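Everything below concerns the one structure shown next.
Counting begins at 1 with the first residue of the sequence. Just so it is clear, the model here is predicted, and its values are computed rather than measured.
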Amino acid sequence: MTEQESELVTYIQTCIEELTVIHQEAQKALNGIQGNDHVTKWKRKVVEGLVPFVSAEYVQRITLEWLETSYFVGNVFDELADDVDMCRRHLKKLVKEVQTTGIP
């Protein structure tokens, strides 16, 4: 793995840890709307952090999926949990992709 790939994997792992903390805090506070705001801010930060590593096409795709698409399920906490799970899946998939085929 190249140094840049290692840096990206470390960055992604840190992001996943941050996301876990944000989600836990939102559940404890029983404030799903505030938790959703924190996750949205986190998503923007992560997308910006990926810019130096991944292709413009990847950034465009993840921006569309993470920031421009929303799903309303009726329950703020369910929506938050789904959003967190989606982000976690994407990041884990990106780590696997970097480790097997390189940076997209």
Side-chain angles (χ1 to χ4, degrees):
M1 191 179 320
T2 68
E3 185 176 331
Q4 186 178 22
E5 290 169 341
S6 292
E7 287 178 32
L8 177 55
V9 168
T10 299
Y11 173 72
I12 293 169
Q13 290 169 337
T14 300
C15 292
I16 291 171
E17 291 169 11
E18 289 173 353
L19 180 60
T20 299
V21 170
I22 290 169
H23 190 216
Q24 289 171 346
E25 289 175 358
Q27 289 176 319
K28 287 179 187 175
L30 297 177
N31 188 338
I33 294 172
Q34 185 179 23
N36 194 25
D37 289 344
H38 288 302
V39 170
T40 299
K41 288 177 188 175
W42 172 87
K43 288 191 290 188
R44 285 187 182 112
K45 181 187 81 119
V46 171
V47 169
E48 289 172 11
L50 289 174
V51 169
F53 295 103
V54 299
S55 68
E57 293 81 17
Y58 188 88
V59 170
Q60 195 172 28
R61 188 179 85 218
I62 201 167
T63 298
L64 176 65
E65 292 174 4
W66 281 24
L67 301 173
E68 297 176 12
T69 304
S70 63
Y71 306 97
F72 182 72
V73 295
N75 181 308
V76 175
F77 289 102
D78 288 345
E79 182 179 344
L80 180 62
D82 289 346
D83 204 21
V84 167
D85 287 342
M86 181 265 309
C87 291
R88 192 176 289 123
R89 277 192 315 272
H90 278 181
L91 292 175
K92 287 181 178 182
K93 181 180 176 186
L94 180 56
V95 166
K96 187 174 183 177
E97 188 173 346
V98 168
Q99 291 172 335
T100 57
T101 61
I103 296 175

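Residues Leu8 and Leu50 share a closest heavy-atom pair of CD1-CD2, 3.6 Å. In terms of heavy-atom proximity, Cys15 sits nearest to Val46 at SG-CG2, 3.6 Å. Minimum heavy-atom separation, Arg88 to Leu19: N-CD2, 4.0 Å. Across Gly35 and Ala26, no two heavy atoms sit closer than the pair CA-CB, 3.5 Å. When all heavy atoms of Pro104 and Glu97 are compared, the pair lying nearest together is CB-OE2, 3.3 Å. For the pair Lys43 and Cys87, the tightest heavy-atom approach, listed with the atom from each and the gap, is CD-SG, 3.4 Å.
Between the OG1 atom of Thr40 and the CD1 atom of Ile22 there is a distance of 10.0 Å, given to the nearest 0.5 Å. For the atom pair Gln34 CD and Leu80 CG, the distance stands at 11.0 Å (nearest 0.5 Å). Between Thr101 atom OG1 and Glu5 atom CD the span is 8.5 Å, to the nearest 0.5 Å. Note that the NZ atom of Lys93 and the CZ atom of Arg89 stand 10.5 Å from one another [nearest 0.5 Å]. For the atom pair Leu94 CG and Ile12 CD1, the distance stands at 3.5 Å (nearest 0.5 Å).
Inter-residue side-chain proximity for Glu25 and Val21 is flagged as met; some heavy-atom pair is nearer than 4.5 Å. Side-chain contact check for Trp66 versus His90: some heavy-atom pair is nearer than 4.5 Å. In this structure, the side chains of Phe53 and Val98 stay at 4.5 Å or more apart for every pair of heavy atoms. In this structure, Glu7 and Gln4 have side chains that are not in contact, with every pair of non-hydrogen atoms separated by 4.5 Å or more. The shortest distance between side-chain heavy atoms of Val9 and Met1 falls below 4.5 Å.
Residues forming a side-chain hydrogen bond (donor to acceptor under 3.5 Å, both in side chains) with Lys45 (at least two apart in sequence, or on another chain): Glu18.
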Exercise for the section: Step by step, work out the side chain to side chain contact (heavy atoms under 4.5 Å, CB included) result for Thr63 and Glu68. Expected result: CA-CA 7 Å; Thr63 298; Glu68 297 176 12; 3.7 Å; yes

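Remark: Gln60 CD is loosely packed, at most 12 non-hydrogen atoms of other residues, nucleotides or ligands lying under 6.0 Å away.
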